[in-house]
Asker: 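Here it is, the structure in full.
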Amino acid sequence: ENCLRGDVLVASAFVSYIGAFDGNTRVSLVNRHWTPDLAERSIQFTRNKSPIQLLAHEAAVAKWNQEGLPSDEVSAGNAAIVLNSKRWPLMID
């Protein structure tokens, strides 16, 4: 409950901005920029969850993989972005 604000910030930034970047850049943005900035500002967030885990349940990701989605992080991230967007997101594949 205390982590809600930070988790929402990470998840919404992920959906809004991360789609246009490759996997390495995505990891860098989240781990080297966004979450350290939240910590510096004393905004609590769940440290042991990735943005994908915040946006989709493990069962949903497993189902996507069973239906043919590759099991890499970029593909799972793209699916999470698409399913949490109200418009057509910009992303790389």
Side-chain angles (χ1 to χ4, degrees):
E1 193 173 305
N2 291 334
C3 296
L4 182 62
R5 284 184 287 161
D7 290 351
V8 168
L9 281 168
V10 171
S12 62
F14 189 87
V15 169
S16 299
Y17 299 110
I18 210 112
F21 299 105
D22 65 15
N24 292 332
T25 305
R26 291 177 181 199
V27 169
S28 177
L29 282 170
V30 172
N31 295 333
R32 294 185 184 164
H33 298 282
W34 296 350
T35 55
D37 186 59
L38 290 175
E40 184 179 310
R41 295 170 189 265
S42 299
I43 299 172
Q44 294 180 14
F45 60 96
T46 307
R47 294 181 186 272
N48 58 351
K49 283 193 175 184
S50 71
I52 297 167
Q53 292 171 315
L54 295 171
L55 293 165
H57 294 287
E58 285 183 35
V61 176
K63 184 177 179 187
W64 301 339
N65 295 144
Q66 287 177 344
E67 292 175 350
L69 183 74
S71 60
D72 62 281
E73 288 288 313
V74 172
S75 296
N78 288 347
I81 291 168
V82 168
L83 293 172
N84 287 280
S85 296
K86 294 208 181 249
R87 296 182 181 223
W88 303 275
L90 172 65
M91 64 180 63
I92 63 162
D93 187 17

Asker: Please report the interatomic distance CZ(F14) to CG(L54), rounded to the nearest 0.5 Å.
Answerer: 9.5 Å

Asker: Return yes if some donor-acceptor pair links the side-chain N/O of R26 with the main-chain N/O of G19 below 3.5 Å, else return no.
Answerer: yes

Asker: As an exercise, state the distance from NZ of K49 to SG of C3, rounded to the nearest 0.5 Å.
Answerer: 10.0 Å

Asker: If you measure from CD1 on I43 to CG on D37, what distance do you get to the nearest 0.5 Å?
Answerer: 7.5 Å

Asker: First locate atom OG1 of T35, then atom CG of L29, and finally report the distance between them rounded to the nearest 0.5 Å.
Answerer: 10.5 Å

Asker: If you round to the nearest 0.5 Å, how far is CD of E58 from CD1 of I52?
Answerer: 11.5 Å

Asker: Please answer: with hydrophobic residues joined when any side-chain heavy atoms are less than 4.5 Å apart, are V27 and V61 in the same cluster?
Answerer: no

Asker: Do the side chain of S16 and the main chain of S12 share a donor and acceptor less than 3.5 angstrom apart?
Answerer: yes

Asker: Is there a side-chain contact between I18 and V30 (heavy atoms, below 4.5 Å)?
Answerer: yes

Asker: Donor-acceptor pair, distance only, cut-off 3.5 Å: does the side chain of S85 make one with the backbone of W88?
Answerer: no

Asker: Of all heavy-atom pairs between L69 and S75, which one has the smallest distance, and what is that distance?
Answerer: CD2-O, 3.8 Å

Asker: To the nearest 0.5 Å, what is the distance between CG (L9) and CZ (F45)?
Answerer: 10.5 Å

Asker: In terms of side-chain heavy atoms, does D7 have a donor or acceptor partner in T46 at a distance below 3.5 Å?
Answerer: yes

Asker: Of all heavy-atom pairs between V10 and P51, which one has the smallest distance, and what is that distance?
Answerer: CG1-CG, 3.7 Å

Asker: In terms of hydrophobic clustering (I, L, V, M, F, W, Y; side-chain heavy atoms under 4.5 Å; direct or indirect links), are W34 and L38 co-clustered?
Answerer: no

Asker: If every non-hydrogen atom of Q53 is compared with every non-hydrogen atom of N48, which pair is closest and at what distance?
Answerer: OE1-O, 3.7 Å

Asker: Output yes when a side-chain donor or acceptor of E67 lies under 3.5 Å from a complementary backbone atom of W64, and no otherwise.
Answerer: no

Asker: What pair of heavy atoms forms the shortest contact from A80 to N84, and how long is it?
Answerer: O-ND2, 2.7 Å

